[in-house]
2 protein chains.
Amino acid sequence: MVPGAASKEAVARKPNLREAILCAAEELFSTNGFNAVSVRDIAQAAGANPGSVTYHFKTKDGLLLEIYRRHCVPMNLRRSELLAAAKRIRDPQDRLEAIVRAYVLPAFSSGSDLAGGGARFTRLRAVMSAEGNEVARRIIAQTFDDTSHAFIDAIQETLPHIPRNDIVWRSHFLLGALYYSLVTPERVSRLSRGDADGADAGDAIEQLVRATVAALQAPPLDPAAPLQRRAARTKA
Amino acid sequence: MVPGAASKEAVARKPNLREAILCAAEELFSTNGFNAVSVRDIAQAAGANPGSVTYHFKTKDGLLLEIYRRHCVPMNLRRSELLAAAKRIRDPQDRLEAIVRAYVLPAFSSGSDLAGGGARFTRLRAVMSAEGNEVARRIIAQTFDDTSHAFIDAIQETLPHIPRNDIVWRSHFLLGALYYSLVTPERVSRLSRGDADGADAGDAIEQLVRATVAALQAPPLDPAAPLQRRAARTKA
DNA sequence: GAATTTCTTGTACACTAGTACAAATAGCAT
DNA sequence: ATGCTATTTGTACTAGTGTACAAGAAATTC
């Protein structure tokens with residue numbers, strides 16, 4: 001590539017190149033995985049120079065780290081707000097639904113800074129979790145588990161008769177379903193044989209909430225078996 | 001590394017190196033992603049020479065392709081068997097549960113050739129799907145969608161009052177939950193605060209079946225509400 | 001307007017990637 | 001044994017990787 005004219009033209013106006021790099025990286029990582037994307041790919045997509053990436057984020061890991069830092073706080077903040085609002089609902093059924101929605105909504109679109117950034121960031125988290133990315137794992141463990149606990153506690157309160165263990169599993173499934181919905185957005189419409197071609201984010205959210213609420217309310221797993229196991233374990 | 005003595009020792013008896021390479025690749029890909037693993041990594045893990053990989057599978061993509069070929073047929077066969085058996089159950093509730101179990105069981109352990117290979121292969125599929133791997137995408141589309149349709153049809157039969165669209169979504173969520181459970185096996189025990197430290201595959205299967213059946217049986221999405229939501233939703 | 005900090009560029013370097021290929025070896029029928 | 005084939009090895013090659021760094025441009029401050 002000729003560096004002179006082309007780049008000057010493409011980058012004639014670069015109000016915030018750092019931002020553009022973050023954005024491009026987010027998009028590329030979330031669709032192709034971390035290792036499949038090179039720093040040069042990112043730079044090119046952002047209309048920047050590979051050196052700029054090094055300058056702003058030092059390393060490729062640093063870039064990923066910054067993406068997480070950028071999104072984690074607003075997303076969890078939004079979740080906390082919605083959770084607090086949901087907890088004020090009196091009717092247990094409505095409350096449970098609101099709690100689940102409070103967890104799901106910000107994942108599809110963080111309403112703060114970037115339009116649609118929530119969905120993209122969630123997709124990114126899904127990919128990083130699948131790839132077993134070490135940087136992501138660390139951040140998630142120390143940032144998201146608190147929020148997850150808060151949600152699990154809130155759910156537990158509306159479902160006192162369900163063992164916490166079951167609630168944890170079902171919340172876990174929720175996250176998996178959430179991730180997968182964002183990772184393969186086209187699969188649903190392919191499987192529904194055209195019956196529902198207009199599968200959009202709104203549908204996904206409502207379907208996910210409905211399904212999760214039902215799953216959470218399901219009778220717990222055979223109550224005898226866990227007791228046996230617990231008795232056998234606590235003795236040791 | 002000294003090539004002479006060490007390799008001769010490690011590979012003193014190599015009844016089927018091709019097999020070992022496939023196995024090592026499966027393990028490495030499914031835990032680290034496709035692009036994070038080099039051919040040399042695979043060769044070393046299999047106690048083989050990088051050249052052997054090229055000899056047996058031509059390219060890295062060819063290796064991945066062979067892994068899929070190896071597992072897809074037995075897995076879908078097993079699923080078909082279990083599905084056929086499930087369909088013979090009279091009681092609709094029991095039948096639905098058996099159908100879901102027929103889908104889930106082979107994903108956790110294909111009972112044919114490799115012990116535990118089902119879970120590893122499912123994890124691999126999860127990772128490939130997250131990474132948007134092109135090879136995997138092609139194979140899955142042409143191999144798994146048939147099976148998925150068969151299952152969806154069977155489910156639909158036990159739940160005639162649920163729109164097919166909703167069933168598709170909920171099956172989609174099942175797959176996501178399934179994938180995620182295998183991708184992050186440690187997360188559940190971390191979140192359950194030690195209440196259930198012995199989270200094993202059996203628990204996962206039963207929890208997944210229970211949750212999915214409940215989700216599938218949930219009342220369909222209010223056919224009127226989407227009109228309201230569509231006006232209020234954030235992203236088009 | 002000059003100095004200084006902040007950003008951007010171009011390029012270079014050490015390294016690893018996937019793959020190719022000739023040589024060496026093993027297995028096996030004859 | 002003797003070929004013959006299938007496999008395994010060692011190595012080489014090109015392309016692309018992450019990152020470092022000097023030099024230039026822009027912005028900001030005094």
Nearest-Å distance, [atom1] ([X]) to [atom2] ([N])?
X	N	atom1	atom2	result
A:Phe57	C:dC7	CZ	P	11 Å
B:Gln44	D:dT9	CD	C1'	15 Å
A:Asn35	C:dC15	CG	C1'	16 Å
A:Asn32	D:dT17	CG	C1'	16 Å
A:Leu22	C:dC7	CG	P	13 Å
B:Ile21	D:dA6	CD1	P	17 Å
A:Lys60	D:dA20	NZ	P	15 Å
B:Lys58	D:dT8	NZ	P	16 Å

Can you say whether the rings of B:His172 and B:Trp169 are parallel (under 30°), tilted (30 to 60°) or perpendicular (over 60°)?
->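 Perpendicular, since the angle between the ring planes exceeds 60°.
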Look at the rings of B:His71 and B:Phe121 and say which category their plane angle falls in: under 30° parallel, 30 to 60° tilted, over 60° perpendicular.
->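 Because their plane-to-plane angle is under 30°, the rings of B:His71 and B:Phe121 count as parallel.
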Please state whether the phosphate of [N], meaning OP1 or OP2, lies under 4.0 angstrom from any side-chain nitrogen or oxygen of [X].
X	N	value
A:Asn49	C:dT8	no
A:Thr54	D:dC21	no
A:His56	C:dT8	yes

Residue [X], side-chain atoms from C-beta onward, closest of [options]:
X	options	value
B:Arg40	D:dT8, D:dA12, C:dA20	D:dA12
B:Tyr55	C:dG10, C:dA12, D:dT8	D:dT8
A:Leu17	C:dT19, D:dT8, C:dT9	C:dT9
B:Thr59	D:dG10, C:dT19, C:dT9	C:dT19

Shortest non-hydrogen contact from B:Val100 to B:Val209?
->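 For B:Val100 and B:Val209, the tightest heavy-atom pair comes out as CG1-CA, 4.1 Å.
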Nearest nucleotide by nearest heavy atom, which residue falls closer to the 5' end of DNA chain D, B:Arg18 or B:Pro50?
->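 Nearer the 5' end of the strand: B:Arg18.
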First of A:Gly51 and A:Val39 reached from the 5' end of DNA chain D, by closest nucleotide |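 It is A:Val39 whose nearest nucleotide is closer to the 5' end.
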Which is true for B:Ser38 with a 4.0 Å heavy-atom rule: it touches a base, it touches only sugar-phosphate, or it touches nothing?
->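 The answer is sugar-phosphate, as B:Ser38 gets under 4.0 Å only of primed atoms, P, OP1 or OP2.
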Apply the test salt bridge (charged side-chain N to carboxylate O under 4.0 Å, His left out) to residues B:Arg123 and B:Glu27: give CA-CA distance (whole Å), side-chain angles for both, the deciding distance (0.1 Å), then the verdict.
-> CA-CA 9 Å; B:Arg123 218 171 60 210; B:Glu27 177 62 25; 3.5 Å; yes
Residue from A:Asn133, A:Leu124, A:Val127 passing side-chain contact (heavy atoms from CB on, under 4.5 Å) with A:Phe29 |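 Exactly one candidate clears the test, A:Leu124.
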